[in-house]
Asker: 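Structure in structure tokens, see below.
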Amino acid sequence: MRRGAAAAVLLAAGLVLPAALAGCGPPGGRASAGPTVQGADAGTGTGAGTEKGAEAEREAAEATVPGKGEGEGEGGEGGAGNGAGLPPVVDRVPTRDKVVFLTYDDGAERDPRFIDLVRERRLPVSMFLTDSVVGPGYGHFARLRSVGASLQNHTLDHPALRGLPYAGQRAEICGQQRKLKSRFGIRPHLFRPPYGRYDATTLRAAADCGIAAVVLWRITLEGDGTLTYTRGAHRPAPGDIISVPAGETPPLTLAERTTRLLRVLEEQGLKVGRLEDHLR
């Protein structure tokens with residue numbers, strides 16, 4: 001693709017898609033500006049990076065739009081096969097609603113008490129699942145889905161995607177789309193790249209797999225229940241996306257961490273919103 005044409009495509013993606021997304025979802029006075037586009041720092045795996053690093057990640061991803069390569073399909077997963085409709089990358093959602101969004105990664109932690117918590121509190125949580133991590137535990141997530149959780153895409157095998165060729169990135173993203181479709185009859189519209197690492201090829205592959213938005217995070221809920229921040233004020237604010245990464249041996253269970261977080265949110269006058277309603 002020529003430089004001028006690539007710039008035009010990026011300008012259209014940057015101006016049209018975020019503005020369209022900002023007007024979607026249920027009413028509630030959301031601002032007209034598009035979602036904040038950010039990159040999470042990949043070095044920690046938790047997104048606890050710097051604003052400078054996030055900006056560099058974003059600029060690197062937007063620097064080029066890969067041309068169509070050998071072996072690429074025509075958007076066979078229902079996405080924008082011509083590369084013109086790249087999904088926005090968001091770590092928070094502009095909104096005047098007093099809501100934040102809870103997102104859980106990988107699927108390694110299968111705390112049965114977390115299912116009870118989601119059901120009792122009617123929490124609209126988003127689970128970003130990795131097939132190789134979930135393994136035989138898909139039944140747990142079927143139960144979570146039955147009590148209101150949504151299931152989203154976190155790749156087949158959890159590789160760091162940035163720098164991988166298009167075919168490999170597409171296989172990871174589209175492959176998990178197919179897995180979730182076959183198991184649950186759903187095709188996710190949201191995607192989280194492992195470690196928050198992505199590039200322009202990731203966005204192209206995600207679009208071709210039918211992804212509407214690439215979801216990062218501004219806040220991480222750590223294994224001990226503390227909160228860390230990638231940038232901005234060190235307190236939850238309306239529109240924040242909170243990531244809950246899987247831990248090998250966290251000192252607190254998933255239900256315990258989430259309960260502590262809910263108390264913090266209540267003190268701030270915040271509730272949990274459904275991310276999918278704001279990023280359609």
Asker: Could you tell me whether a side-chain N or O of D157 sits under 3.5 Å from a main-chain N or O of P159, the two making a donor and an acceptor?
Answerer: no
Asker: Examine the side chains of T201 and Q169 and answer whether a donor and an acceptor come within less than 3.5 Å of each other.
Answerer: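 No, Q169 and T201 have no side-chain donor paired with an acceptor closer than 3.5 Å.
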Asker: Sub-3.5 Å donor-acceptor pair from the side chain of R197 to the main-chain atoms of P194, do we have one?
Answerer: no
Asker: State whether the side chain of T258 and the backbone N or O of A255 hold a donor-acceptor pair below 3.5 Å, judged by distance alone.
Answerer: no
Asker: Does a salt bridge link R113 with D116, judged by any charged N lying under 4.0 Å from a carboxylate O?
Answerer: no
Asker: How about F141 and F184: are their ring centroids closer than 6.0 Å?
Answerer: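 For F141 and F184, the ring centres are not under 6.0 Å apart.
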Asker: Is it possible for you to say whether M127 and L156 belong to one hydrophobic cluster, with membership spreading through side-chain heavy-atom contacts below 4.5 Å?
Answerer: no
Asker: In Å, rounded to the nearest 0.5 Å, how long is the span from CG of L261 to CG of L270?
Answerer: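 Here the interatomic distance stands at 10.0 Å.
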Asker: Closer than 3.5 angstrom, by distance alone: can the side chain of R192 be matched with the main-chain N or O of L216 as a donor-acceptor pair?
Answerer: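 Checked: pair present.
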Asker: Under a 3.5 Å distance rule, please check whether R92 uses its side chain to pair with a backbone N or O of P238 as donor and acceptor.
Answerer: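 Confirmed, R92 side chain pairs with P238 backbone.
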Asker: Kindly assign one of parallel, tilted or perpendicular to the pair F128 and H154, based on the angle between their ring planes and the thresholds 30° and 60°.
Answerer: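 Plane angle over 60°, so perpendicular.
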Asker: Do R187 side-chain atoms and C209 backbone N/O form a donor-acceptor pair below 3.5 Å?
Answerer: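 No, R187 side chain to C209 backbone: no donor-acceptor pair under 3.5 Å.
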Asker: Could you point out which residue of T155, N153, V214, I173 forms a side-chain contact (heavy atoms from CB on, under 4.5 Å) with P193?
Answerer: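 The option that passes is V214.
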Asker: If hydrophobic clusters are built from ILVMFWY residues whose side chains come within less than 4.5 Å, do L252 and L254 share one?
Answerer: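 Hydrophobic grouping puts L252 apart from L254.
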Asker: Is a side-chain N or O of R231 found less than 3.5 angstrom from the main chain of R218, in a donor-acceptor match?
Answerer: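 No: the side chain of R231 does not pair with the backbone of R218.
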Asker: When you look at Q152 and T103, which way does the side chain to side chain contact (heavy atoms under 4.5 Å, CB included) test go after all the steps?
Answerer: CA-CA 10 Å; Q152 303 296 336; T103 63; over 6 Å; no
Asker: Keeping R110 on the side-chain end and V134 on the backbone end, is there a donor-acceptor pair under 3.5 Å?
Answerer: yes
